[in-house]
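Each chain gets a letter, A, B and so on, in the order the sequences are listed, and its residues count up from 1.
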2 protein chains.
Amino acid sequence: MKNKLKVLRAERDWTQADLANALEVSRQTVNAIEKGKFDPSLPLAFKAARLFNLPIEEIFQDEPG
Amino acid sequence: MKNKLKVLRAERDWTQADLANALEVSRQTVNAIEKGKFDPSLPLAFKAARLFNLPIEEIFQDEPG
DNA sequence: TCGAAAAGTAAAGCTTATTTTACTTTATGA
DNA sequence: TCATAAAGTAAAATAAGCTTTACTTTTCGA
């Protein structure tokens, strides 16, 4: 699953820790998701969508399989 | 997390088993999600969105908290 | 009303998401 | 260059999603 978290962070000049804080998850979770190590839960995806005021599909891109 | 799976099924006259089959998960998983016992994974939410040709947010409604 | 299909439920087990701790590597700015 | 912040990584532990099996309850049409 690809995502635009890094870009969205960059646009706001946020660190991974800043984003983790805003999403109420650990910094390592943000890092792992950005690096594609695992997918966020649906509730976390919703939280990111609310935070960035974007649809989930614009932040996360599934690779259908 | 609320969702419209039951309605979307009804519109198509699908059983839980039919939907489970289309989503490639077990019938119990569909049942549990419909009944709000747990949230689907993000990949599964994407699969449902593709299946019904709807945005994730129109199928699943987060209760922010 | 009876039987079958659909829905609901539950436990055990496996997989994946997330945390915590802790360390290494990379970028950055004084 | 050197110190520090940021990013990357990893292992162990816990939580949540999902499967399989199996059983009970509800729905519904003949």
Side-chain angles (χ1 to χ4, degrees):
Chain A
M1 174 111 39
K2 287 198 150 308
N3 67 78
K4 293 184 178 154
L5 293 183
K6 191 170 178 175
V7 172
L8 292 166
R9 273 199 305 113
E11 287 173 356
R12 289 157 181 80
D13 200 22
W14 286 355
T15 67
Q16 290 184 345
D18 290 336
L19 177 54
N21 193 57
L23 293 176
E24 299 177 286
V25 295
S26 70
R27 181 182 66 80
Q28 285 80 348
T29 291
V30 167
N31 185 74
I33 292 170
E34 280 194 8
K35 304 291 288 182
K37 289 203 179 178
F38 52 70
D39 303 322
S41 68
L42 185 54
L44 183 49
F46 265 102
K47 219 165 185 177
R50 276 197 303 275
L51 178 63
F52 292 118
N53 204 32
L54 288 173
I56 289 177
E57 285 90 343
E58 222 170 292
I59 303 178
F60 302 97
Q61 291 87 37
D62 196 28
E63 12 222 341
Chain B
M1 175 113 36
K2 285 198 153 305
N3 67 77
K4 294 183 178 155
L5 292 183
K6 191 171 178 176
V7 173
L8 293 166
R9 272 198 309 111
E11 287 173 354
R12 289 158 181 79
D13 201 21
W14 287 356
T15 67
Q16 290 184 344
D18 289 336
L19 177 53
N21 192 57
L23 294 176
E24 298 177 286
V25 294
S26 71
R27 181 181 66 81
Q28 285 79 350
T29 291
V30 167
N31 185 74
I33 292 170
E34 280 194 7
K35 303 292 288 184
K37 289 204 180 177
F38 53 71
D39 302 323
S41 67
L42 185 54
L44 183 49
F46 265 102
K47 219 165 183 175
R50 278 197 302 276
L51 179 62
F52 292 118
N53 204 32
L54 287 173
I56 289 177
E57 284 90 342
E58 223 172 289
I59 303 178
F60 302 98
Q61 292 87 38
D62 196 28
E63 12 222 339

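With rounding to whole Å, B:Leu42 atom CG is found 15 Å from D:dA16 atom C1'. Rounded to whole angstrom, the span from the CD atom of B:Glu24 across to the P atom of C:dT15 amounts to 18 Å. Spacing between atom CZ of A:Arg12 and atom P of D:dA6 amounts to 18 Å, rounded to whole angstrom units. In this structure, A:Trp14 atom CH2 and D:dA7 atom P are separated by 13 Å, rounded to whole Å. Atoms CD (A:Gln16) and C1' (C:dT26) sit 12 Å apart, rounded to a whole Å. For the pair B:Leu44 CG and D:dA16 P, the interatomic distance rounds to 18 Å; values are reported in whole Å. In this structure, CZ of B:Phe38 is placed 14 Å from P of C:dA17, rounded to the nearest angstrom. At whole-Å resolution of the value, NZ in A:Lys37 and P in D:dA7 are 15 Å apart.
Side chain B:Arg27 to base C:dA7: a donor-acceptor pair is found below 3.5 Å. With hydrogens and angles ignored, a donor-acceptor pair closer than 3.5 Å exists between the side chain of A:Gln28 and the base of C:dT21.
For C:dT19, one of the phosphate oxygens OP1 or OP2 lies less than 4.0 angstrom from a side-chain nitrogen or oxygen of A:Thr29. Considering only side-chain N and O atoms, A:Asn31 lies under 4.0 angstrom from the phosphate OP1 or OP2 of D:dG8. For C:dT18, one of the phosphate oxygens OP1 or OP2 lies less than 4.0 angstrom from a side-chain nitrogen or oxygen of A:Ser41. Distances shorter than 4.0 Å separate none of the side-chain N or O atoms of B:Lys35 from OP1 or OP2 on C:dA7.
Between D:dG8, C:dT18, D:dG17, one nucleotide has an atom nearer to the side chain of A:Glu34 than all others, and that is D:dG8.
Side-chain contact between A:Asn21 and A:Trp14 is absent, with no heavy-atom pair separated by less than 4.5 Å. Put simply, the side chain of A:Leu54 reaches to within 4.5 Å of the side chain of A:Leu8, judged on heavy atoms.
Looking at A:Arg27, A:Lys4, A:Arg9 one by one, the single match for salt bridge (Lys or Arg N to Asp or Glu O under 4.0 Å) with A:Glu34 turns out to be A:Arg9.
Mapped onto DNA chain C by nearest heavy atom, B:Pro43 and B:Ala17 fall at different nucleotides, with B:Ala17 at the one closer to the 5' end.
Within 4.0 Å of A:Ser26, counting heavy atoms only, lies at least one base atom of the nucleic acid.
Note that CG of A:Asp39 and CZ of A:Phe60 are 9.0 Å apart. Values are rounded to the nearest 0.5 Å.
We find that B:Asp18 and B:Arg12 are not joined by a salt bridge, their nearest charged nitrogen and carboxylate oxygen being 4.0 Å or further apart.
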